[in-house]
Amino acid sequence: MKSAVETLEPTRAKLTVEVSYEELKPSIDHAYSHIGEQVNVPGFRKGKVPARIIDQRVGRAAVIEHAVNDALPGLYRDAVAETGIKPLGQPEVEVTEVPNVTGPVGGQLTFTAEVDVRPEVTLPDLSTYELTVDTVEVTDEDVEQRLESLRERFGTLVGVDRAAAEDDFVSIDLSATVGEEEVDSVTGTSYQVGSGTMLEGLDDAITGLSAGETATFTSTLVGGERAGEEATVTVTVNSVKERELPAADDEFAELASEFDTIEELRSDLREQIAKDKNANRAVAARDLLLERLREEIDFPLPKNAVDAEIKAHLQAEGKAEDDPHGEEVREDTEKAMRDQFILDELAESFGVQVAQNELLEFLLSTSRQYGMDPNEFIQSASQAGQIPVFAGELARNKALAVALRKVTVLDGAGEAVDLSEFIGSDEDDVVVSAESADSGESADSGESAESADSGDSADSADSADSAESAESAPSAD
């Protein structure tokens, strides 16, 4: 097989593939066998009809068409591997020449495949980067706030005979009317004053009301068929309760933790806060690095891939392809795709590998986020072809962590910050690679790393076969 690649645009390429008759012959033989099982020819058993009889009865053109359509996906996949292009999405395939359909056996198959390709991304020298994050400082106020939150978890609600104030818990009845029509009502619902989790204006209306008192206010409805309309809302307070907190003493420390004294608990809370702030610094450093890479790396985006993402987004929302919302999400779509290409390049540059156990842990964590049984989630993801996409996402996250190890991270005082607890180390990766090699278990993130956010990579198993859905081989009458 001969294959050549022509760059049409920075993000689009054209493959020209030539396949000799001898290379195509296994597919032609299979086509004869398959067609022979479908036709009835007197004097011959099904599956035993000679090729010359099939040529006479069905026509060699039908056999060649069958063989070419059968072989195209694999031939396209081989040409992609041979040329080293990094396709995105489905190719546009055109068969320009087929083996002889009349006369002597021979000839060749020639086809072209135009496809969007991943743009060239040139990475900067990360060792020259300096990022500055906050200095970690844990104040007494931080500790008391954390302790207060812990006390609230063990607090009890106690009824009070006074007007409702901020942070109180009230039981209320609500009714909303538009004009003369009541459009919604609830009774006995619990609400914390000041939380702002219900209608705008509710907090102001409730504040100062005692049990049995009523107030009316106007607000814009945020849900239901009348969402967006202004309604008159009547609220009645049924009861007012305040949260009574346990005293911050040794008895509480024993109740809420494994510690015997409140000072031991405070000391532990201080350590927890310091760890949390360090973790936040790691997230901040990661975000700063990605933002700087966005600013300094410029490359064109494949328009077709962007349009396909927007189309999929609109379809998921049940909207038409030409819905104006498409242009509203274009900027975010392009940003997400640009980030992905940068991270894919980082993953390839650093040789990032995703071990099978890492992928499994990621899938288990994701299943918990969706509230699904892990086995059902993994089975569903596998059937939908999403496992390579998850592997790619995990590889990109790892790639950004590896990149963060290459830069210098300083705190506000100019001191070096050690983030290895959160981003790992090169030595850890060597251990993971060795374990993966020993067990033979490694999630192939490469195919998803080629994808354009939707996992629609042409060299993934699903879309590699997309050549099959492209133009069929001409029947060459």
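Quick caveat, the model's predicted, so the values are computed rather than measured.
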Self-check item: E358 and K398 ion-paired at < 4.0 Å
Solution: yes
Practice problem: Might you point out which heavy atoms bring L419 and A285 nearest each other, and give the distance in Å? | Solution: CD1-CB, 3.9 Å
Exercise. Report the C-alpha separation of Y129 and E296 in whole Å, then their side-chain angles, then the decisive distance to 0.1 Å, and conclude whether the side chain to side chain donor-acceptor pair (under 3.5 Å) test is met.
Key: CA-CA 12 Å; Y129 277 26; E296 297 188 6; 2.7 Å; yes
Quiz item: Does the pair T112 and E114 meet the rule for a side chain to side chain donor-acceptor pair (under 3.5 Å), with working shown?
Solution: CA-CA 7 Å; T112 63; E114 289 191 19; over 6 Å; no
Quiz item: Below 4.5 Å, heavy atoms only, C-beta onward: do T220 and E229 meet side chain to side chain?
Solution: no
Exercise. Test side chain to side chain donor-acceptor pair (under 3.5 Å) on E182 and T177 and set out the steps.
Key: CA-CA 4 Å; E182 183 179 276; T177 59; over 6 Å; no
Quiz item: Do D184 and S175 come within less than 4.5 Å of each other through their side chains, counting heavy atoms only?
Solution: no
Self-check item: Interatomic distance, L343 atom CG to S349 atom OG [nearest 0.5 angstrom]
Solution: 12.0 Å
Quiz item: Using 4.0 Å as the upper bound for N to carboxylate O, is an ion pair formed by K311 and D307?
Solution: no
Exercise. Taking D55 for its side chain and G59 for its backbone only, find out whether a donor-acceptor pair lies under 3.5 Å.
Key: no
Practice problem: Would you please classify the geometry between the H325 ring and the H313 ring as parallel, tilted or perpendicular, with 30° and 60° separating the classes? | Solution: tilted
Exercise. Mind listing the closest non-hydrogen atom pair of V222 and A227 along with its distance?
Key: C-CB, 4.0 Å
Quiz item: Looking at side-chain heavy atoms only, is the closest gap between L289 and L131 below 4.5 Å?
Solution: yes
Quiz prompt | Salt bridge R118-E345, side-chain N to carboxylate O under 4.0 Å | solution = yes
Quiz item: Charged N to carboxylate O below 4.0 Å: is that the case for D344 and R396?
Solution: yes
Quiz item: Is there any ring pair (Phe, Tyr, Trp, His ring centres under 6.0 Å) pair reaching into residues 80-101, and which pairs are they, with sequence neighbours excluded?
Solution: none
Quiz item: Quick one: CD on E23 to CG on D78, what's the gap to the nearest 0.5 Å?
Solution: 9.5 Å
Practice problem: Compare every heavy atom of P87 with every heavy atom of V115, then report the nearest pair and how far apart it is. | Solution: CG2-CB, 3.9 Å
Quiz item: Between L301 and R338, is any pair of side-chain heavy atoms under 4.5 Å apart?
Solution: yes
Quiz item: Can a salt bridge be assigned to the pair K303 and E334 using a cut-off of 4.0 Å between side-chain N and carboxylate O?
Solution: no
Quiz prompt | E295 with R292: basic N within carboxylate O range, under 4.0 Å | solution = no
Quiz item: Closest heavy-atom contact between K275 and F422?
Solution: O-CZ, 4.0 Å
Practice problem: Write down the atom of S219, the atom of V233, and the distance for their closest heavy-atom approach. | Solution: CB-CG2, 4.4 Å
Self-check item: Stacked cation flag K406 on F350, 6.0 angstrom / 45 deg
Solution: yes
Self-check item: Pairing of E22 and K25 as salt bridge, 4.0 angstrom limit
Solution: no
Quiz prompt | R146 bridged to D142 by N-O distance under 4.0 Å | solution = no
Quiz item: Considering all heavy atoms of both residues, which atom of V95 and which atom of F111 are nearest to each other, and what is their separation?
Solution: CA-CB, 3.9 Å
Self-check item: Option among T408, L404, L293 that satisfies the side-chain contact (heavy atoms from CB on, under 4.5 Å) test with L126
Solution: L293
Quiz item: Is there side-chain contact between V17 and K2, with heavy atoms separated by less than 4.5 Å?
Solution: no
Quiz prompt | Matching residue for R12 among N304, L88, V117 - test: side-chain contact (heavy atoms from CB on, under 4.5 Å) | solution = N304
